[in-house]
Amino acid sequence: MDNLRPILYLSLVFLLFLIWQAWRVDYGPQPQFDPQRAEATLNGETFRDDVPDAPASEAMDAPVGMDPVLSLDRQRIRVVTDTLDVLIDTRGGDLVRADLPTYPVSLKQPDNPVRILDERLRDYVAQSGLIHDRVPGIEHADRAPSHHAIFQAERSEYRMEDWQDELVVPLTWESEDGIRVTKTYTFRRGDFLVDVDHRVENHSDTTWTGRQYRQLRHGPTPPRDSWFLYTFTGAALYDGKYIKESLEDLGPGVQDRNISAGWISIIQHYFLTAWVPFADEVNLLYSRAVGTPERPQYIIGLRSEPVSIAPGAYDVLKSRIWIGPKEQQPLSKIADGLELTVDYGIFTVLAKPLFWLLRVIYDFVGNWGWAIIILTLMIKLVFYKLSEASYRSMAKMRAVQPKMMALKERFGDDKQRMNQALMELYKKEKINPLGGCLPILIQIPVFIALYWVLLESVELRQAPWIFWIQDLSIRDPFFVLPLLMGASMIAQYKLNPAPMDPVQQKIMMALPIVFTVFFAFFPAGLVLYWLVNNLLSIAQQYYITRQIEKTANIKGGSKK
């Protein structure tokens, strides 16, 4: 233990953490496609296996058919607000495309917005509809519009004008026996939360008994943008606790069950789509795998409790959908647990207060780069005493380094006698061989939590610092920060006592190079944090080392 440096432990743990994250995604167990739950196809017709089952209100004797979906004409309605640019398909009123005009893909492409929903490339669609319960004596199949029904629209384009704070998009559907449904999307200025209502007017002669469902549909998990940076893309839900599931696990991996005050979502780095029922609802959570083995698709959805509407009456079934960034403050106000989609993983308990503090600092200084620097300084002050104990231990080890080398020459390959002599030396010099390691190890969870804060927080996306760093969420375009960080690691190595083991010496010398290569591809905000932390550590370690050496010289009778 005497030759192992704390920085080596910190670095290896951090590297192993990143490697484990990547291995889990690339080589972890992958579920197999279930053909029995696939969407059946026959002669080019698609059957409605992607619609939740219609429950029996009183009996189970009504037939459940797989009605083929006819190829009917439909149109796309474009809706443009200050925050969203979406396409609504009149077949089902599905949201088949959603762009975020205020979030460009990159600073170099300011007119190319981030696209979340994308039916064409990712089979990523937000669907909702109604189903009629199976009631004896009533043909239920055509009394409620599922997401396969064709709606009618008054216009093909809606735009929010400067004087508008709200934009309403109605779609209508009517059955042959007089059930009229108006599906209405309500968009609000400055908001990513959209209301989705189904107004059901019963002009038939029999009671309408049905329920709404909301689901998200997605193709296979897309490939990762970077091997170095793992972020989760998949389904997330809340049923009193936050649960994540890979897209490929939807279906057999998620048990159908009733949940209260819950929600469902599909999340990706920085952004999400979430169906958010109102707090007093009880819904059936369901999921399934559909499509074909060549083109699988995965669904997660919620089906509400039944609503009965007497002849001549009406009712409104309400829901909400968030399509936008993972902003913690607004998400936390919409529903319990929704802010957890900002995925800090197992370090959430540490990461959330760190982000809160970072946000407070940003509100004061107005720059995320300086906020990171100030936060790093504050963390360093909190752990000052722990770091001081570590550096004092290392400084003492450095001071007795000549004596340790003499013991090595004296005892050679006799490991047992060598260790006994070292223990006696530690006792005589009052050195704790673990003193340099434990304080640093205690800080590792905080370091990793801050890593996730800087990686996951959309607030830092495309945030500038100074000079050439105009986006803290991407790598340094000129690799200046990674090179400075590598140089700071070399400086730290020089301050530490040299390991007696030649293998350890080689590892310590190689570590700055390895980390420089890794951090060359990391977001600049992460590298900035690590660089500032290293510089503060060097200053503290240098000061303590000089104090220890000065004390040792005085005790040894040296003259100035």
Side-chain angles (χ1 to χ4, degrees), residues 7 11 14-15 18 100-115 224-231 268-271 325-327 342 351 354-355 357-380 447-493 511-539:
I7 188 64
S11 303
F14 189 70
L15 286 176
L18 296 177
L100 306 181
T102 54
Y103 285 86
V105 171
S106 70
L107 293 176
K108 295 180 179 179
Q109 304 176 64
D111 298 326
N112 186 12
V114 166
R115 177 161 296 175
R224 286 182 295 150
D225 294 332
S226 171
W227 186 91
F228 293 95
L229 299 175
Y230 166 71
T231 57
Q268 62 194 71
H269 194 200
Y270 295 134
F271 305 100
K326 293 191 286 189
E327 295 180 341
V342 182
L354 283 175
F355 174 78
L357 182 56
L358 183 65
R359 182 74 197 220
V360 170
I361 298 169
Y362 168 76
D363 290 340
F364 181 74
V365 300
N367 182 287
W368 286 106
W370 293 117
I372 290 171
I373 293 174
I374 295 172
L375 178 63
T376 308
L377 176 60
M378 295 174 71
I379 293 174
K380 199 65 181 174
F447 294 152
I448 297 179
L450 186 56
Y451 161 85
W452 281 116
V453 167
L454 299 178
L455 181 64
E456 279 289 316
S457 301
V458 69
E459 289 82 356
L460 273 73
R461 184 179 182 271
Q462 297 179 359
W465 179 38
I466 57 174
F467 305 132
W468 72 98
I469 304 295
Q470 293 300 309
D471 187 349
L472 288 165
S473 68
I474 63 173
R475 66 173 176 83
D476 182 337
F478 302 113
F479 305 107
V480 175
L481 290 179
L483 290 173
L484 290 175
M485 190 215 66
S488 70
M489 291 189 70
I490 294 174
Q492 279 186 302
Y493 170 75
L511 211 55
I513 299 174
V514 173
F515 257 62
T516 299
V517 173
F518 264 85
F519 275 70
F521 301 95
F522 277 20
L526 288 173
V527 186
L528 177 62
Y529 156 72
W530 202 274
L531 171 62
V532 174
N533 182 73
N534 282 357
L535 294 176
L536 293 173
S537 298
I538 290 170

Revision key, fill the gap. On a heavy-atom basis, the closest approach of Ser488 and Ile538 is O-CD1, 3.3 Å

Revision key, fill the gap. Closest non-hydrogen atoms of Ala524 and Ile469, given as atom of the first, atom of the second and distance, are CB-CG2, 4.0 Å

Exercise for review: Any chance you could measure Leu481, atom CG, to Trp468, atom CH2, to the nearest 0.5 Å?
Suggested key: 5.5 Å

Check your understanding: Below 4.5 Å, heavy atoms only, C-beta onward: do Glu459 and Pro325 meet side chain to side chain?
Key -> no

Exercise for review: Take the angle between the ring planes of Trp368 and Phe355 and call it parallel below 30°, perpendicular above 60°, tilted in between.
Suggested key: parallel

Check your understanding: Under 4.5 Å between any side-chain heavy atoms of His269 and Glu456, yes or no?
Key -> yes

Practice item. Please check if the distance between the ring centroids of Tyr103 and Tyr270 is under 6.0 Å. Key: no

Check your understanding: Which heavy atom in Leu107 sits nearest to a heavy atom in Gln470, and how many Å separate them?
Key -> CD1-O, 3.1 Å

Check your understanding: How long is the span from the CZ atom in Phe271 to the CG atom in Leu100, to the nearest 0.5 Å?
Key -> 6.0 Å

Practice item. Indicate the atoms forming the closest heavy-atom contact of Pro104 with Gln109, along with that distance. Key: CB-O, 3.6 Å

**Study point:** Phe515-Trp530 aromatic ring centre distance below 6.0 Å
**Key:** yes

Review point. Would you say the side chain of Phe519 lies within less than 4.5 Å of the side chain of Met489, judging by non-hydrogen atoms?
Key: no

Study note, to complete from the structure: CG of Leu354 to CG of Leu454, rounded to nearest 0.5 Å, is 9.0 Å

Check your understanding: Are Leu377 and Leu536 close enough, and set up right, to give a side-chain contact (heavy atoms from CB on, under 4.5 Å), and what steps lead you there?
Key -> CA-CA 8 Å; Leu377 176 60; Leu536 293 173; 4.0 Å; yes

Check your understanding: Could you go step by step and tell me if Phe522 and Tyr451 meet the side-chain contact (heavy atoms from CB on, under 4.5 Å) rule?
Key -> CA-CA 10 Å; Phe522 277 20; Tyr451 161 85; 4.2 Å; yes

Study note, to complete from the structure: Note: Val527 and Met485 closest approach over all heavy atoms is CG1-CB, 4.4 Å

**Study point:** Candidate pair Trp370 and Ile361, rule side-chain contact (heavy atoms from CB on, under 4.5 Å), full reasoning
**Key:** CA-CA 9 Å; Trp370 293 117; Ile361 298 169; over 6 Å; no

Review point. For the residue pair Lys380 and Ser537, what are the closest heavy atoms and their distance?
Key: NZ-OG, 2.6 Å

**Study point:** Partner of Met378 by side-chain contact (heavy atoms from CB on, under 4.5 Å), out of Leu358, Leu357, Ile373
**Key:** Leu357

Revision key, fill the gap. Separation between OG (Ser473) and CG (Leu455), nearest 0.5 Å, reads 9.5 Å

Check your understanding: Roughly how far apart are Arg461 CZ and Ile474 CD1, rounded to 0.5 Å?
Key -> 10.0 Å

**Study point:** Heavy-atom check, side chain of Pro482 versus side chain of Asp476, under 4.5 Å
**Key:** yes

**Study point:** Side-chain heavy atoms of Ile372 within contact of Leu460, under 4.5 Å
**Key:** yes

Check your understanding: CG/Leu528 to OG1/Thr376 distance, rounded to the nearest 0.5 angstrom?
Key -> 6.5 Å

Review point. Looking at side-chain heavy atoms only, is the closest gap between Leu375 and Leu450 below 4.5 Å?
Key: yes

